[in-house]
2 protein chains.
Amino acid sequence: MRALTHPSRENLQLASVFHALSDLVRLEIVRQAAVREQSCAALSVNVSKSTLSHHLRVLREAGVTRTKIEGTHRYVSLRREDLDARFPGLFDAVLRILDTSTDDTSADDGAGAESP
Amino acid sequence: MRALTHPSRENLQLASVFHALSDLVRLEIVRQAAVREQSCAALSVNVSKSTLSHHLRVLREAGVTRTKIEGTHRYVSLRREDLDARFPGLFDAVLRILDTSTDDTSADDGAGAESP
DNA sequence: CAGATAGTTTCACATCTGAGAAACTTTAGA
DNA sequence: TCTAAAGTTTCTCAGATGTGAAACTATCTG
């Protein structure tokens with residue numbers, strides 16, 4: 001249990017990465033993790049703990065994120081270097097799109113009312 | 001039935017596009033369609049007609065491909081302009097990766113011996 | 001019209017998926 | 001040591017997914 005499974009860089013599969021990105025909750029996690037490393041609790045997506053844990057596993061096992069254990073916390077970060085090495089340009093585009101997008105990927109409560 | 005459903009450019013959803021790209025058969029179709037417009041029969045992926053039809057529908061309904069009817073043939077092409085407008089840089093990266101990749105996305109046998 | 005061709009749709013089925021409740025595992029702290 | 005905190009795992013369940021056989025639709029050609 002302690003050792004979380006992370007696929008090696010060479011084993012990253014394009015289809016698996018796309019599958020990991022094919023869910024709104026996970027896209028939102030990716031967006032938040034891209035900004036800075038996040039503890040699971042710090043991620044604002046409103047799903048239950050177990051569901052969040054499930055999504056984090058999908059992302060981790062696809063090689064999109066890395067989970068670092070520190071005490072009782074898990075810190076989630078994007079594997080930018082590995083992803084960029086294996087899939088050049090892909091996450092540059094993905095993150096730019098997530099940043100630009102009309103936030104229809106937002107799965108959190110956040111009152112949602114942006115547009116200043 | 002005649003009118004195939006194609007989402008409008010504004011309705012293209014990132015998660016749906018990623019879902020469409022999360023299957024090896026569909027990635028192979030995208031790769032081949034990117035080279036030039038293809039009739040369904042010309043696509044070399046070894047799955048049955050019905051399964052191929054299913055995959056083409058997923059791609060079409062996600063807005064990744066466009067299907068043009070001409071006589072008894074359906075011609076499948078990538079919606080590059082719409083995809084590029086909505087998701088800048090994404091397909092530049094995806095197609096480059098598919099081109100560069102070690103062909104682990106290939107779902108055909110190469111000998112082209114279809115199912116009878 | 002009859003037959004061939006090119007796909008789609010329907011059906012059935014096994015597998016996968018996302019969801020949360022509840023129980024469990026660690027680790028930190030009083 | 002007892003307890004709270006932070007996640008994970010197990011369980012269950014409804015719904016989606018990929019697959020191909022078979023039936024159907026539509027078009028072209030003789």
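Everything numeric in this text was worked out from a predicted model, so none of it was measured. Each chain gets a letter, A, B and so on, in the order its sequence line appears, and its residues count up from 1.
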Kindly point out which of [options] is positioned nearest to the side chain of [X]?
{"X": "A/R57", "options": "D/dT9, D/dA6, C/dT9", "result": "D/dT9"}
{"X": "B/T51", "options": "C/dT26, C/dT8, D/dT19", "result": "D/dT19"}
{"X": "A/T72", "options": "D/dG20, D/dA6, C/dG7", "result": "D/dA6"}
{"X": "A/H55", "options": "C/dG20, C/dA19, C/dT5", "result": "C/dA19"}
{"X": "A/V47", "options": "C/dG20, C/dG18, D/dG18", "result": "C/dG20"}

Specify the separation, in whole Å, of atom [atom1] of [X] and atom [atom2] of [N].
{"X": "B/D23", "N": "C/dC16", "atom1": "CG", "atom2": "C1'", "result": "13 Å"}
{"X": "B/K49", "N": "D/dA23", "atom1": "NZ", "atom2": "C1'", "result": "10 Å"}
{"X": "A/E70", "N": "D/dG7", "atom1": "CD", "atom2": "P", "result": "12 Å"}
{"X": "B/R60", "N": "C/dG7", "atom1": "CZ", "atom2": "C1'", "result": "11 Å"}
{"X": "B/R74", "N": "D/dA26", "atom1": "CZ", "atom2": "P", "result": "10 Å"}
{"X": "B/L59", "N": "D/dG18", "atom1": "CG", "atom2": "P", "result": "10 Å"}
{"X": "B/H19", "N": "D/dG15", "atom1": "NE2", "atom2": "C1'", "result": "13 Å"}
{"X": "A/E61", "N": "C/dG18", "atom1": "CD", "atom2": "P", "result": "12 Å"}

Any side-chain heavy-atom pair from A/V25 and A/T51 closer than 4.5 angstrom?
-> no

How far apart are the closest heavy atoms of A/I97 and B/P88, and which atoms are they?
-> CD1-O, 4.0 Å

Identify whether any heavy atom of B/R26 sits under 4.0 Å from a base atom; if not, whether one sits that close to sugar-phosphate; answer base, sugar-phosphate or nothing.
-> sugar-phosphate

Within the structure shown, what part of the strands sits under 4.0 Å from B/H54 by heavy-atom distance: base, sugar-phosphate, or nothing?
-> base

Is B/S50 side chain donor-acceptor paired with the D/dA21 base, going by distance under 3.5 Å alone?
-> yes

In sequence, state the C-alpha distance, the side-chain angles, and the governing distance for A/S77 and A/K68, and then conclude on side-chain contact (heavy atoms from CB on, under 4.5 Å).
-> CA-CA 8 Å; A/S77 56; A/K68 191 174 62 179; over 6 Å; no

Run through B/R60, B/E37, B/H6 and flag the one making a side chain to side chain contact (heavy atoms under 4.5 Å, CB included) with B/R66.
-> B/H6

Could you tell me whether B/R9 and B/D84 have a side-chain N and a carboxylate O separated by less than 4.0 Å?
-> no

